[in-house]
There are 2 protein chains.
Amino acid sequence: MTRRPTLKHIAERVGVTASTVSLALRDDARISTTMRERVRQVALEVGYIYNRHAAGLRRGDSGTVALCLNDLGNPFFTEFIAAMEQRFRDQERMMLFCHAQESLTVQADFMRRMAEHGASGLILIPAAGTTGEDLPGAEASHLRHLPLVLLSRDIDGVEVDRVINDDARGMAMVVEHLLSLGHRRIAWLGGGNKTSTARDREQAFRTMLTRAGYPPDQNGICHGPTTMAFGHQGLEALMAQPRPPTAVVCFSDLIAFGAVAACHGLGLRPGVDISIAGFDDMNAAAYTTPPLTSVRVRTDLMGARASEMLLARIRGDQEAPRREMMTPELVVRETTGPVSSRDRD
Amino acid sequence: MTRRPTLKHIAERVGVTASTVSLALRDDARISTTMRERVRQVALEVGYIYNRHAAGLRRGDSGTVALCLNDLGNPFFTEFIAAMEQRFRDQERMMLFCHAQESLTVQADFMRRMAEHGASGLILIPAAGTTGEDLPGAEASHLRHLPLVLLSRDIDGVEVDRVINDDARGMAMVVEHLLSLGHRRIAWLGGGNKTSTARDREQAFRTMLTRAGYPPDQNGICHGPTTMAFGHQGLEALMAQPRPPTAVVCFSDLIAFGAVAACHGLGLRPGVDISIAGFDDMNAAAYTTPPLTSVRVRTDLMGARASEMLLARIRGDQEAPRREMMTPELVVRETTGPVSSRDRD
DNA sequence: CGGATTGGTTCAATCGATTGAATTGCGTTT
DNA sequence: AAACGCAATTCAATCGATTGAACCAATCCG
């Protein structure tokens with residue numbers, strides 16, 4: 001098991017210097033076509049493997065871009081990936097990603113590691129509870145030169161590029177839709193206040209209902225993790241109340257899936273006996289029984305835009321950080337319907 | 001914007017050499033505690049960032065482990081990740097992953113890149129259509145020294161470690177279950193022959209039915225991509241036949257989700273008018289309406305085992321490659337039930 | 001024919017951390 | 001006082017690729 005071949009080995013075989021080989025392999029115009037061919041040939045023969053550490057050390061950049069996600073258990077987040085991968089691949093950049101599982105420590109480790117590794121930039125869907133202090137942009141941080149774009153979840157008080165969904169608008173559409181169907185007792189099933197999405201959506205939910213004159217009941221606000229399991233038990237809890245809601249708005253589709261599933265056991269027909277709305281409109285939303293009413297978040301556009309913004313920063317764009325909002329749209333399917341006559345107030 | 005600080009800068013400040021700083025930061029026993037403290041302190045002050053390229057160049061190993069997935073659109077595959085991350089984090093190894101989207105090119109690029117990067121090892125859920133030629137183990141490949149473990153999908157004719165589910169056994173359980181419920185016209189909804197899982201499951205399906213004396217009808221075999229959309233339209237197609245099946249076995253849960261959803265539109269009650277079985281038992285399987293009968297694949301155990309095998313290889317284990325099979329279990333929920341009397345042959 | 005041009009290649013310094021061997025300093029032993 | 005042991009630090013070579021400048025030879029032009 002011999003040592004892995006280097007430029008020098010190739011150079012010796014061909015009878016030139018390592019410089020020539022380096023230039024040849026990288027298609028430098030200074031090298032003649034014949035030489036290039038010979039070098040290529042020999043490189044193949046000896047099984048040459050480019051050494052990124054050596055190159056990275058010399059050049060200072062590794063040509064990679066990092067993505068940090070925090071909840072792979074929610075397929076919604078994986079939907080962002082496709083659009084981004086495409087963009088970076090076009091730029092011959094590799095995207096390396098990390099699943100931090102909502103752990104600030106893991107997230108910080110990853111960011112540090114990527115800085116050490118000379119990553120060109122970072123797209124971050126921040127872990128719940130992330131503050132400005134935790135970001136590369138923070139003065140105290142050693143990472144301040146790492147270009148950064150926040151995706152999907154916003155963070156207050158930092159000057160960074162970000163691409164987020166207009167959650168307030170999306171939630172307004174949901175509430176208006178339900179009100180127009182005659183619902184008045186509308187409950188909330190969703191996350192706490194650890195992410196901007198959870199905060200913004202719930203805030204909008206409360207504001208809209210209050211403004212319409214039907215402020216949400218304290219018992220109608222049910223907090224819990226963003227999982228199907230929570231959606232399931234949450235709906236059961238809501239419906240066990242003496243005066244159950246006629247409609248339930250879920251923070252996310254994942255929760256709504258659980259809620260819709262719970263109806264089966266309770267003998268309720270979603271869209272008839274109870275209205276349920278989700279948020280995100282992930283792929284699976286069209287495949288619940290019956291299909292879920294939700295708010296389409298344009299993960300494709302958001303991912304693409306985040307990539308572009310990051311690439312611009314990497315190229316050295318010096319403009320002030322931008323905060324871009326994507327407009328969502330309401331997708332009415334079958335889990336929402338008119339309030340049944342016997343439920344009407 | 002000054003250049004980022006190096007060991008040398010710290011050394012100058014402290015009044016020692018770079019060697020001392022290096023040893024101090026890495027907690028080498030040779031360095032006194034006081035010095036270690038001083039170095040640490042200064043490193044923090046100047047905002048030192050460890051340079052992985054330099055270290056990697058010198059040491060030849062980057063301490064990272066790579067994972068290549070091919071279908072993030074299917075949450076089943078993300079279920080493997082959690083168990084693996086844990087294991088590697090315990091070993092202070094970072095896991096970098098790639099979503100190759102079933103593209104052999106992207107997969108190959110990633111593997112090459114990881115070899116160039118000096119990754120310690122690779123766990124691969126191979127892209128559909130991957131052959132032994134595409135793997136680091138292949139003689140022709142330049143990657144032959146990269147420790148490799150195959151996960152979930154098997155590949156013929158290569159000597160590599162692998163951890164796979166016993167698909168034949170799982171499928172046998174499904175078919176027996178349906179036969180025992182009285183089903184005789186059982187259809188297949190699933191992928192082609194590009195992955196071992198697709199082949200093995202379909203093969204077992206056919207064998208079991210043939211052995212029982214009810215070989216599947218040619219019209220009862222419906223091939224397509226592993227998506228909910230295919231499951232949806234596939235079920236509609238099957239039920240549109242003059243003599244529709246009384247039960248449908250799906251290659252995977254994702255397809256089954258689509259199939260179950262299609263029932264709603266067709267006015268069929270899964271588990272009553274038609275039996276549907278999935279495979280994988282992903283989290284969402286318990287939340288369809290009604291809950292899906294499926295085969296539990298132990299992604300947690302498989303992920304853990306694959307990590308352990310890879311770590312053993314990295315440590316230099318010289319034993320012959322092993323092929324480990326995990327035993328699945330049937331999870332009967334409500335989408336399967338006795339064949340209805342009017343359908344009985 | 002001399003000088004300039006061009007194309008092709010080599011020179012040599014450089015990136016920053018690592019590590020086995022060598023060195024220094026200091027107290028202890030004989 | 002010489003010899004020794006030990007701890008703490010430094011020396012110096014090394015990893016492999018990159019790249020601006022220098023070099024050389026052949027060709028071209030006035």
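Letters A, B, ... are given to chains in the order of the sequence lines, protein chains preceding strands, and every chain is numbered from 1. Because the structure is a prediction, the values reported are computed rather than measured.
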May I ask you to say what T6(B) touches in the nucleic acid, namely base, sugar-phosphate or nothing, with a heavy-atom cut-off under 4.0 Å? sugar-phosphate
Do Q107(A) and N70(A) have side-chain atoms, one donor and one acceptor, less than 3.5 Å apart? yes
Both L57(B) and G15(B) contact DNA chain D. Which one's nearest nucleotide lies toward the 5' end? G15(B)
Heavy-atom side-chain contact between E85(B) and H99(A) under 4.5 Å: yes
Could you check if a side-chain atom of V149(B) sits within less than 4.5 angstrom of a side-chain atom of V160(B), using non-hydrogen atoms only? no
Nt span of DNA chain C in reach of chain A heavy atoms at under 4.0 Å, 5' end first, is dG8(C) to dG16(C)
Terminal axes of the helix from dC1(C)-dG30(D) to dT30(C)-dA1(D) (five pairs each): angle between them, nearest 10 degrees: 60°
First encountered from the 5' end of DNA chain D, between A54(B) and S32(B): S32(B)
Look at all strands and tell whether T20(B) reaches a base, only sugar-phosphate, or nothing, counting heavy atoms closer than 4.0 Å. base
Apply side chain to side chain donor-acceptor pair (under 3.5 Å) to residues R52(A) and S62(A) and explain how you reach the verdict. CA-CA 8 Å; R52(A) 275 185 191 277; S62(A) 65; over 6 Å; no
Under the side chain to side chain donor-acceptor pair (under 3.5 Å) rule, what do E37(B) and Q41(B) come out as? Steps first, then yes or no, please. CA-CA 6 Å; E37(B) 289 308 311; Q41(B) 175 62 30; over 6 Å; no
For the CZ atom on R40(B), are there more than 12 heavy atoms of other groups (residues, nucleotides or ligands in this structure) within a distance under 6.0 Å? yes
Under 3.5 Å, is there a donor-acceptor pair between the R93(A) and S120(A) side chains? yes
Using heavy atoms to find the nearest nucleotide of DNA chain C for R30(B) and A55(B) separately, return the residue whose nucleotide is more 5′. A55(B)
Touch class at under 4.0 angstrom, heavy-atom based, for R52(B) against every strand present: nothing
So V16(A), base contact, sugar-phosphate only, or nothing? Heavy-atom distance under 4.0 Å. sugar-phosphate
Going through the checks in order, is the ring-ring contact (aromatic ring centres under 6.0 Å, His included) test met by H53(A) and H117(A)? CA-CA 9 Å; H53(A) 289 306; H117(A) 176 256; 7.7 Å; no
